[in-house]
Amino acid sequence: MSPTHSAGERSAPLIGILGGYGAVGASAARALAAEGRFRLRIGGRDIGAARALAAELPVPAQAVRVDAEDDASLAGFSRGCRTVLNCSGPAYLLLGRARTAALAAGADYVDVMDDGGTAGPVPGRTVVLSAGLAPGLSGLLPGLLARGLRPGGRFSGCHASLGVFTVTGAVDYLLSMERGYGTPAAVWRGRVVPGALRTEEDHRLPGVPRPLVACPFLTGEVVSRARALRLAEARWYNAFDGTAVLDVLNRSRAGRLAGRELRARAGQLVRASALDAAGRTPYHLLRGCLEGRGPDGTPVRRTVVIRGPDGSELTGLVGAFAAAAVCDGRLPHGVHRAAEVLPPEDVLRRLRGGRAGVTVAETEEAGAPDPAPALEEGVL
């Protein structure tokens, strides 16, 4: 911690960041430090790495050794925090223990993933889950595009990426496939219609020079937003820039992975992502398109494309925004998903003014929407 901090700085709200020196946590820490309104607590097993990051931040920051698998350690870390931001993982293995510790210590809680805990009452406290890239930023797209339009629009979204997985990210990605995160090949039409869409072998996205393989995967996040916004149709695709990652994922669809087998498959996924990305510029891209009608019935087509060089950085930026909003008391008490409570326009404004290389492009066209596409029978 820097030796020259004013009394005002020392009394600023304290945000504890679990996994604070990792790729996601460091991005969040730097974003929160840039605001200059918070004290930070950087936590993780490697106290040396935590101290190194804390020392470089321009706000009061302390390093604390914490084990995210140990309840007593989490309790000690959370004590004194206004808000705990969890950037540790794998989320699907750690589950809700960090949330439980934070709430018991009297802190609010933000998680860049869904911690798998229940949505039970938390009087006087605020919990925001899935405050990352996908889920999180991905779920903000339908509401952003539907603002001011009549209900009944048709939404299509896509996440494409090229870059090397972290081991933690690989484990969570694999476990999300079997933990009810979404439904392959499904579309929303007032209900989830499984087996309705086919993989697109020649999917094109702006700024990506070659065709991608786009696999339809209707997430629970998109279903929730489609229902709340009263959309007539919603679909989501995960697009793959290369074949190595997709091959590993296709081999991982049968059965539940655990223990040594899970670690081995995660290692395969990390190596496959490195193979796909070899010699190429990494990127993460979210695209959303909504066709609907304005208040006067005029057909409208809106699109938004968000692109950044690093998915961990984007995840950290969204997590930092959510943690600041919770710490400021700008979000309601209770347990929420980020896409339900974060204001999309404010998040995009923050991304535009955040790290170099993050771009946000929005377009709107007036005119007749394309006819609703017929559902294709098929499976992924």
Side-chain angles (χ1 to χ4, degrees), residues 17 19-35 49 53 56-57 85 87 89 112-113 130-141 144 157-170 172-173 203-214 237-246 269-288 303-323 338 342 344 346-363:
I17 308 176
Y21 52 79
V24 173
S27 171
R30 293 186 179 105
L32 289 167
E35 294 198 30
L53 178 63
E56 75 174 58
L57 298 175
L85 170 60
C87 298
V112 297
M113 292 288 288
S130 300
L133 172 59
L137 186 57
S138 53
L140 295 175
L141 301 188
L144 174 77
C158 183
H159 176 211
S161 63
L162 185 71
V164 182
F165 273 96
T166 64
V167 174
T168 296
D172 270 330
Y173 199 117
H203 194 79
R204 303 280 177 165
L205 287 175
V208 180
R210 65 181 190 178
L212 310 180
V213 177
Y237 294 87
N238 291 327
F240 298 90
D241 195 341
T243 61
V245 165
L246 189 54
L269 190 56
V270 171
R271 292 189 292 274
S273 66
L275 183 61
D276 279 342
R280 305 180 59 203
T281 301
Y283 67 86
H284 278 257
L285 185 150
L286 290 174
R287 179 183 185 272
T303 62
V304 60
V305 178
I306 304 169
R307 180 171 180 146
D310 187 341
S312 295
E313 183 173 56
L314 284 168
T315 298
L317 289 174
V318 177
F321 180 93
L342 296 187
D346 291 348
V347 174
L348 263 61
R349 192 178 303 116
R350 179 62 55 84
L351 292 178
R352 285 190 175 100
R355 299 285 192 273
V358 178
T359 61
V360 180
E362 297 178 80
T363 62

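For this chain, numbers begin at 1 and follow the sequence in order. Because the structure is predicted, anything quoted here is derived from the model rather than measured.
- Scanning both residues, A338 and A131, for their nearest heavy atoms gives CB-CA, 3.6 Å.
- In this structure R204 satisfies the salt bridge (Lys or Arg N to Asp or Glu O under 4.0 Å) test together with D202, sequence neighbours excluded.
- Counting only heavy atoms from C-beta outward, the side chains of L317 and S27 approach each other to under 4.5 Å.
- In plain terms, the two heavy atoms of L53 and A29 that are nearest each other are CD2-CB, 4.1 Å.
- The shortest side-chain heavy-atom distance between L314 and L286 does not fall under the 4.5 Å cut-off.
- Within the 4.5 Å cutoff, side-chain heavy atoms of M113 are placed close to those of D172.
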From CA spacing to verdict: side chain to side chain contact (heavy atoms under 4.5 Å, CB included), L348, V304:
CA-CA 10 Å; L348 263 61; V304 60; 4.1 Å; yes
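- Between F321 and D346, the closest side-chain pair of non-hydrogen atoms falls below 4.5 Å.
- When side chains are defined from C-beta on, I306 does not count as touching T359, because their heavy atoms never get closer than 4.5 Å.
- For N238 against Y173, the heavy-atom pair with the smallest separation is ND2-OH, 4.1 Å.
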Yes or no on side chain to side chain contact (heavy atoms under 4.5 Å, CB included) for L246 and D276, after CA distance, side-chain angles and deciding distance?
CA-CA 10 Å; L246 189 54; D276 279 342; over 6 Å; no
Check step by step if side chain to side chain contact (heavy atoms under 4.5 Å, CB included) holds for R352 and V358.
CA-CA 7 Å; R352 285 190 175 100; V358 178; over 6 Å; no
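- Across all their heavy atoms, R307 and G207 have their closest contact at NH1-O, 3.0 Å.
- Screening residues 277-286 for salt bridge (charged side-chain N to carboxylate O under 4.0 Å, His left out), with sequence neighbours left out, gives D241-R280.
- At least one side-chain heavy atom of L285 sits under 4.5 Å from a side-chain heavy atom of V305.
- In terms of heavy-atom proximity, P309 sits nearest to G357 at CD-O, 3.5 Å.
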Give the table of side-chain donor-acceptor pairs shorter than 3.5 Å for residues 157-166, with sequence neighbours excluded, one pair per line with atom names and distance.
residue : atom : partner : partner atom : Å
H159    : NE2  : H284    : ND1          : 3.4
T166    : OG1  : G169    : N            : 2.9

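- Taking 4.5 Å as the limit, some side-chain heavy atom of L144 sits within range of a side-chain heavy atom of E362.
- The closest side-chain heavy-atom distance from V208 to Y283 is below 4.5 Å.
- Electrostatic pairing of R30 and E313 does not count as a salt bridge here, judged by no charged N lying under 4.0 Å from a carboxylate O.
- Nearest heavy atoms, I17 versus C87: CG2-SG, 4.0 Å.
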Apply side chain to side chain contact (heavy atoms under 4.5 Å, CB included) to the pair T243 and V213, showing each step before the final yes or no.
CA-CA 8 Å; T243 61; V213 177; 5.8 Å; no
